[in-house]
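Remember, it's 1-based here, ligands and their atoms both numbered in the order they're listed.
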Amino acid sequence: MMTRILMIASAILLLFFAGNVQAKGNIERGADLSYDCVDCHGMEGKGTFETPPIAGLEEAYILKQLRGFSSGKKKSMDDMMHTYTEDRTDQELQDLAAYWATKKK
Ligand code: HEC
């Protein structure tokens, strides 16, 4: 009985860690990369009268938007978002998306 519980417990743990590895964005690195973002989107990413909120959006949605801005496919007012994403690696965009998705709306 005990071994069975242990086996189930370790299977759950394994799934948990596998899930974490699968999430590609690194939240801590995303936080480090976000010092520019807060200038425009506000300290908590809640947006201002000229910028949309970015905190608490779906990670996949943020990533899609950032990739769009970075490649220039998606336009933003005065190309602002292109300027702040064009020199970033895709990994950095994933980190940023992971970080902002964890913030409270
Ligand atoms: C110079 C000001 C400025 C900076 C710096 C900036 N943004 Fe933006 N961002 C904007 C503006 C303006 C928009 C609205 C774009 C539009 O539709 O015209 C926007 C839009 C976005 C969107 C799309 C939101 C939506 O609802 O679709 C995301 C995501 C985003 N920014 C994330 C970021 C991240 C992450 C950073 C830091 C790397 C950042 N922004 C830095 C001004 C800025």
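Checked by atom type and distance alone, the side chain of H82 pairs as donor or acceptor with a backbone atom of F69 at under 3.5 Å. Judged by distance alone, the side chain of Q65 and the main-chain N or O of I62 form no donor-acceptor pair under 3.5 Å. With S34 contributing its side chain and G30 its backbone, the two residues share a donor-acceptor pair below 3.5 Å. Not a single donor-acceptor pair under 3.5 Å links the side chain of K105 to the backbone N or O of A55.
Given atom 38 (C) of ligand 1, the protein heavy atom at minimum distance is C37 SG, 2.8 Å. The closest protein non-hydrogen atom to atom 24 (C) of ligand 1 is P52 CG, 3.8 Å. Of all protein heavy atoms, the one lying nearest to atom 28 (C) of ligand 1 is I54 CG2, 3.5 Å. For atom 26 (O) of ligand 1, the closest non-hydrogen atom on the protein side is Y61 OH, 3.4 Å.
Between S76 and ligand 1, not a single N/O pair is under 3.5 Å apart. Distances between N or O atoms of H41 and those of ligand 1 include at least one value under 3.5 Å.
Proximity annotation for atom 23 (C) of ligand 1: of Y84, F69, W100, F69 comes nearest, heavy atoms only.
Note on M80: it does not cluster hydrophobically with Y35, by side-chain heavy-atom contacts below 4.5 Å among ILVMFWY residues. With hydrophobic clusters built from ILVMFWY side chains whose heavy atoms lie under 4.5 angstrom apart, L57 shares a cluster with L96. Hydrophobic clustering places I54 together with V38 (ILVMFWY residues linked when any side-chain heavy atoms are closer than 4.5 Å, directly or through intermediates).
For the ligand labelled ligand 1, residue D39 lies outside the 4.0 Å heavy-atom shell. Contact analysis puts R88 in contact with ligand 1, with a non-hydrogen atom separation below 4.0 angstrom.
Close approach to M77 involves these atoms of ligand 1, each under 4.0 Å from a residue heavy atom: 16 (C), 18 (O). Close approach to D36 involves these atoms of ligand 1, each under 4.0 Å from a residue heavy atom: 5 (C). Under a 4.0 Å criterion applied to the non-hydrogen atoms of M80, ligand 1 contributes the atoms 1 (C), 2 (C), 12 (C). With ligand atoms numbered from 1 in the order given, ligand 1 contributes 12 (C) to contacts under 4.0 Å with heavy atoms of E50. Using a 4.0 Å cut-off to heavy atoms of Q65, the atoms of ligand 1 that qualify are 25 (C), 27 (O).
When every heavy atom of E86 is checked against every heavy atom of S70, the shortest pair comes out as CA-OG, 3.9 Å.
Checked for salt-bridge contact, E44 and K103 meet the test: a charged N lies under 4.0 Å from a carboxylate O.
Contacts between L66 and ligand 1, counted as non-hydrogen atom pairs separated by less than 4.0 Å, involve the side chain only.
The distance from atom 8 (Fe) of ligand 1 to the nearest N/O/S atom of C40 is not under 2.8 Å. Atom 8 (Fe) of ligand 1 has M81 among its coordinating residues (N/O/S atom, backbone or side chain, under 2.8 Å).
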Check: For D95 and E28, what are the C-alpha separation, side-chain angles and deciding distance, and is it a side-chain contact (heavy atoms from CB on, under 4.5 Å)?
Finding: CA-CA 8 Å; D95 297 344; E28 276 172 38; over 6 Å; no

Check: Can you check side-chain contact (heavy atoms from CB on, under 4.5 Å) on R88 and L33, steps first, answer last?
Finding: CA-CA 10 Å; R88 296 187 198 268; L33 294 170; 4.1 Å; yes

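Within the 4.0 angstrom cut-off, atom 17 (O) of ligand 1 has no protein heavy-atom neighbours.
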